[in-house]
> 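Provided herewith is a single structure, encoded as structure tokens, for subsequent inquiry.
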Amino acid sequence: MKPNLSSAQLKKEQTVTLETRRLKSGIGAKILFITMDLIYGRKGSLRKFKVLEVVARVPYIAWEQVSYIAITHTHSNPEFARDIHSEVSSHRAQQDNELFHLLIIEELLQRKGIKQGFFRFKVIPQIMAWFYYQLSWILFVLRPKWSYSLNAQFEDHAEHEYMKFISENPELEEQEWVSAFTTDYGKFENVADVLRQIAVDEREHKLESLSNLDNPRFKRKK
């Protein structure tokens, strides 16, 4: 991941995101977004972002596990296995980054005293994550390009939703970000900036998934 940006840089990146057209969503992404809107509302909120982050880590876990299986079966070709392991390292880094997003959002919810119903915000997110894992895993096995494309759509959606939420809630600029995760994630002037950084991270995940669409290893032989 790239180093965290300054407050001024983050505000510029917010403008970039809001002026950039969203990626076109496929069937899988549309079903996921519609489901989240029906259960948690169309507008962004910290509670909805928590659900989003629970689900966001899933593809990287699926890819990592499939890749390790592949390494087991390709170790007789060390160079090829090394290339796969390099991808695993990237997936792990993205997964860890998404984990801190989840922890930061959960911390914000608790500090603000925002209530979270057990079924809607504990049970349902786990069910959604399970289904998304299965879909990501199956698509990756059938054709990795499909799974990367789905993830890019999901990350693009997250990037835009975070930036839109910040623009609709200017009071976030005045809320100091006090956190147990500054050593792990960085220091920011306010809650708006840490959410902007999370959105920028999501963009980086999106771009990495899009770059994998052209990976020669994932191209079908004619």
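None of these values were measured; they are calculated from a predicted model.
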> What is the distance from atom CG of Leu109 to atom CZ of Phe121, rounded to the nearest 0.5 Å?
8.5 Å

> Under 6.0 Å from the CD1 atom of Ile27, do we count more than 12 heavy atoms belonging to anything else shown?
no

> In Å and rounded to the nearest 0.5 Å, what is the OG to CZ distance from Ser179 to Phe188?
10.0 Å

> Following the transitive rule for hydrophobic clusters with a side-chain heavy-atom cut-off under 4.5 Å over Ile, Leu, Val, Met, Phe, Trp and Tyr, establish whether Ile166 and Leu18 coincide in one cluster.
yes

> Counting heavy atoms not belonging to Glu171, are there more than 12 under 6.0 Å from its CD?
yes

> Look only at the side chain of Arg57 and the backbone of Ala129, and say whether a donor-acceptor pair between them is shorter than 3.5 Å.
no

> Distance alone, cut at 3.5 Å: any donor-acceptor contact between the side chains of Gln175 and Lys112?
yes

> More than 12 non-hydrogen atoms from neighbouring residues, nucleotides or ligands closer than 6.0 Å to CZ on Phe181, yes or no?
yes

> Indicate the atoms forming the closest heavy-atom contact of Glu161 with Phe49, along with that distance.
O-CZ, 3.6 Å

> With no hydrogens and no angle check, is any side-chain donor or acceptor of Asn190 less than 3.5 Å from a backbone partner on Ala192?
yes

> If you group Ile, Leu, Val, Met, Phe, Trp and Tyr by side-chain heavy-atom gaps below 4.5 Å, do Leu102 and Ile127 land in one group?
no

> Parallel, tilted or perpendicular: which fits the ring planes of Phe33 and His157, with parallel below 30° and perpendicular above 60°?
parallel

> Do Arg47 side-chain atoms and Lys115 backbone N/O form a donor-acceptor pair below 3.5 Å?
yes

> How about Asp96 and Tyr60: does a side-chain donor come under 3.5 Å of a side-chain acceptor?
no

> Ignoring hydrogens and geometry beyond distance, is a side-chain donor-acceptor pair present between Thr15 and Glu19 at under 3.5 Å?
no

> Quick one about Gln116 and Glu106 (side-chain donor to acceptor, distance below 3.5 Å, no hydrogens or angles considered), yes or no?
yes

> Looking just at side-chain N and O atoms, do His205 and Asp201 make a donor-acceptor pair shorter than 3.5 Å?
no

> If only atom types and distance count, is the side chain of Asp156 paired as donor or acceptor with the main-chain N or O of Leu23 below 3.5 Å?
yes

> Restricting to non-hydrogen atoms, name the atom on Asp193 and the atom on Glu189 that form the minimum distance, rounded to 0.1 Å.
OD2-CB, 3.9 Å

> Hey, does the side chain of His160 reach the backbone of Thr17 with a donor-acceptor pair shorter than 3.5 angstrom?
yes

> Mind checking whether Leu210 and Tyr148 have side chains closer than 4.5 Å, heavy atoms only?
no

> Would you name the heavy atoms of Gly28 and Leu150 that are closest together and state the gap between them?
C-CD1, 4.1 Å

> Is it true that Glu159 and Arg22 have a side-chain N and a carboxylate O under 4.0 angstrom from each other?
no

> Shortest non-hydrogen contact from Ala199 to Met163?
CB-CE, 3.6 Å

> Are the side chain of Ser209 and the backbone N or O of Lys206 linked by a donor-acceptor pair below 3.5 Å?
no

> With side chains defined as the heavy atoms from C-beta onward, is the minimum distance between Lys164 and Gln14 less than 4.5 Å?
no

> Under 4.5 Å between side-chain heavy atoms, hopping through other hydrophobics if needed: is there a path connecting Phe131 to Tyr40?
yes

> For a quick test of reading the model, state the closest non-hydrogen atom pair linking Lys48 to Lys43 and the distance between them.
CD-O, 3.7 Å

> State whether a side-chain donor-acceptor pair under 3.5 Å links Tyr133 with Gln65.
yes

> Is the shortest side-chain heavy-atom distance between Leu139 and Arg143 below 4.5 Å?
no

> Would a single hydrophobic cluster contain both Trp130 and Val141, if residues Ile, Leu, Val, Met, Phe, Trp and Tyr are joined by side-chain heavy-atom contacts under 4.5 Å?
yes

> Grouping I, L, V, M, F, W and Y whenever their side-chain heavy atoms are under 4.5 Å apart, do Ile124 and Val54 come out in a common cluster?
no

> For the residue pair Ser6 and Gln9, confirm or rule out a side-chain donor-acceptor distance under 3.5 Å.
yes

> Verify, without hydrogens or angle tests, whether Ser149 (side chain) and Trp146 (backbone) share a donor-acceptor contact under 3.5 angstrom.
no

> Indicate the atoms forming the closest heavy-atom contact of Ala180 with Glu107, along with that distance.
N-OE2, 2.9 Å

> Counting C-beta onward and ignoring hydrogens, is there a side-chain heavy-atom pair between Glu155 and Arg203 closer than 4.5 Å?
no

> When you look at His101 and Glu202, which way does the side-chain contact (heavy atoms from CB on, under 4.5 Å) test go after all the steps?
CA-CA 10 Å; His101 293 176; Glu202 308 294 19; 3.4 Å; yes

> Consider only side-chain N and O atoms of Glu98 and Gln94, and report whether a donor and an acceptor are under 3.5 Å apart.
no

> To the nearest 0.5 Å, what is the distance between CD1 on Ile114 and CD1 on Ile105?
10.0 Å

> If you measure from CG on Leu46 to CZ on Phe165, what distance do you get to the nearest 0.5 Å?
4.5 Å

> Are the side chain of Asn4 and the backbone N or O of Tyr185 linked by a donor-acceptor pair below 3.5 Å?
yes

> Cut-off 3.5 Å, side chains only: do Trp63 and Ser147 have a donor facing an acceptor?
yes

> What distance separates Ile104 CD1 from Ile198 CD1, expressed to the nearest 0.5 Å?
5.0 Å

> Looking at CG of Leu172 and OG of Ser167, how far apart are the two atoms once the value is rounded to the nearest 0.5 Å?
10.0 Å

> Is there a donor-acceptor contact under 3.5 Å from the side chain of Glu53 to the main chain of Lys50?
no

> Could you tell me whether the side chain of Glu13 and the main chain of Arg196 form a donor-acceptor pair under 3.5 Å?
no

